[in-house]
Amino acid sequence: MSELKNDRFLRALARESVDVTPVWMMRQAGRYLPEYRATRAKAGDFMSLCMNTELACEVTLQPLDRYPIDAAILFSDILTIPDAMGLGLYFETGEGPRFKKSVNSVADMDALDVINPEADLGYVMDAVRMIRRELNGRVPLIGFSGSPWTLATYIVEGGSSKDYRKTKTFMYNEPEAFTRLLNKLADSVALYLNAQIKAGAQAVQIFDSWGGALSHQAYLDFSLAPMQRIVNQLITEHDGRKVPVIMFTKGGGQWLNAMADTGVQALGLDWTTDIGNARAQVGDRVALQGNMDPAILNAKPERIREEVGYILSRFGKGNGHVFNLGHGVTPEIDPDNVGAFFQAVHELSAEYHEN
Ligand code: CP3
């Protein structure tokens, strides 16, 4: 494997010194970029794009060709796992994800099996291998998966949801059966992430997008516990390098200590948490990733730059910060504003590092 030309991202996750704060953006390959929309149109639809190795590789690299980004993220989706479980994922234009099969009973859930990623998700591993080859050491590649809780909400609701009513009813009425489902999802995620690592992913992120919708105890039992089960099974080193794990619970600001106790290397923060307070809580146990409100990308470039400066000042001097948004970039954002964001992170962060 080729040497990394830019290892800021991995150094920051290991809380080692860097020249400037590394930055990437959740959903950096996506609809805000005209070149992404063109490639998706060529593929036909979103899932066809994910399954086409060349085109998935192409869209992964598109933001890197435009901006000074310090990491690439595999182009895929968290819902590939429920799809591999046989639920039949499809996307209705403008409607979000849907499943052909619905899950309505304990029997339906117990019928779902742990996936075999090499057999069922070979297209993802092919994309990882091709992206690594095409990156040729430019920046590290991030692999990812959804958390068991977040995946369970899509499986039980049959798509996106505002209140997770069906999932929570099931969780409260049938906690043992729900835990069996979460454990199968955790084992599937662990196999999936390990396969991505073996194919070439140099760091992995667990997207617990909806963990923040849970009560305190429900978060610990039904979101954090299955994520711990994943972390316990992950390969910690590949190709002579440590493979860091980033745990991102959106709305998870009150559980940072518990998250750090899982043994992951970094925590993702949404914008509702002050990154200075977060750092004071977790100390030098984990690196922190985040956490600008993606809505600020709609403001003028000077305001974006000011916010970047503010977040950098709240983290302060020293190691262990990866700059990011607090959630994914949205489709209406002006690509020039994204450029102002990336540029501001590198320019304004130099003074926080010893050069
Ligand atoms: O970050 C990246 O650039 C990598 C690619 C990536 C996608 N989805 C591409 C995508 C990643 C990391 C994801 C993760 C994902 N998918 C999450 C967790 C992250 C988060 O936002 O909290 C979730 C909840 C999903 C499920 C999902 N996928 C939904 C709800 C939707 C529809 C909503 C929407 O944004 O349209 C998707 C589709 C999807 N996944 C798109 C992209 C670029 C848009 C599809 C399109 O091109 O039309």
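Whatever order the structure lists them in is the order used to number ligands and atoms, beginning at 1. In this chain, numbering begins with 1 at the start of the sequence shown.
Distances from atom 2 (C) of ligand 1 to the protein include at least one heavy-atom value under 4.0 Å.
Backbone and side-chain nitrogen or oxygen atoms of W210 are examined, and none is located within less than 3.5 angstrom of a nitrogen or oxygen of ligand 1. Ligand 1 has no nitrogen or oxygen under 3.5 angstrom from a nitrogen or oxygen of W24.
Here the protein heavy atom with the shortest distance to atom 23 (C) of ligand 1 is I78 CD1, 3.4 Å. Of the protein's heavy atoms, F91 CE2, 3.4 Å lies nearest to atom 38 (C) of ligand 1. Among all protein heavy atoms, the one lying closest to atom 22 (O) of ligand 1 is S209 OG, 2.4 Å. Of the protein's heavy atoms, F46 CE1, 3.5 Å lies nearest to atom 42 (C) of ligand 1. Of the protein's heavy atoms, R31 NH2, 3.1 Å lies nearest to atom 34 (C) of ligand 1. The protein atom (non-hydrogen) at minimum distance from atom 8 (N) of ligand 1 is D77 OD1, 3.1 Å.
Residue contacts with ligand 1, taken as heavy atom pairs separated by less than 4.0 Å, involve R27 via backbone and side-chain atoms alike. With a 4.0 Å heavy-atom cut-off, ligand 1 is reached by the side chain of R40 but not by its N, CA, C or O. Looking at S160 against ligand 1, only its side chain comes within 4.0 Å, counting heavy atoms. With a 4.0 Å cut-off on non-hydrogen atoms, L74 touches ligand 1 through its backbone and not its side chain.
Legend: residues meeting salt bridge (Lys or Arg N to Asp or Glu O under 4.0 Å) with K166, ordered by chain and number and at least two apart, are absent.
Heavy atoms of other residues, nucleotides or ligands lying less than 6.0 angstrom from CD of E354 number 12 at most.
Placement of M292 and I73 within a single hydrophobic cluster is found when ILVMFWY residues are connected by side-chain heavy-atom separations under 4.5 Å, directly or transitively.
Side-chain N or O atoms of Q265 include one that pairs as donor or acceptor with a backbone N or O of V245 at under 3.5 Å. Checking side-chain atoms of N183 against main-chain N and O of P226 turns up no donor-acceptor pair under 3.5 Å. Distance alone, capped at 3.5 Å, is enough to place a donor-acceptor pair between the R11 side chain and the S17 backbone.
Other members of the cluster containing M130 do not exist, because no ILVMFWY side chain is joined to it at under 4.5 Å.
Comparing Y154, F207, F144, F248 against atom 24 (C) of ligand 1, the shortest heavy-atom distance belongs to Y154. In the candidate list A29, G96, P97, P97 is nearest to atom 29 (C) of ligand 1, counting heavy atoms.
The contact set between ligand 1 and H327, taken as ligand atoms under 4.0 Å from a residue heavy atom, comprises 20 (C), 21 (O), 22 (O). Atoms of ligand 1 found under 4.0 Å from any heavy atom of S76 (numbered from 1 in listed order, with element): 5 (C), 6 (C), 7 (C), 8 (N), 9 (C). Listed by number with element, the atoms of ligand 1 under 4.0 Å from a non-hydrogen atom of Y36 are 43 (C), 46 (C), 47 (O). Interface atoms of ligand 1 facing M26, defined by a heavy-atom separation under 4.0 Å, are 1 (O).
Of the candidates D336, I333, L297, L297 is the only one forming a side-chain contact (heavy atoms from CB on, under 4.5 Å) with F341.
Cation-pi contact between R279 and F315: present, with separation from the ring centre below 6.0 Å and deviation from the ring axis of at most 45°.
Ion pair D65/R138 flagged as a salt bridge, since at least one NZ, NE, NH1 or NH2 atom sits closer than 4.0 Å to an Asp/Glu carboxylate oxygen. Between R165 and D163, at least one side-chain nitrogen of the basic residue sits less than 4.0 Å from a carboxylate oxygen of the acidic one, meeting the salt-bridge criterion. Under the 4.0 Å criterion applied to side-chain N and carboxylate O atoms, K184 and D187 are not assigned as salt-bridge partners.
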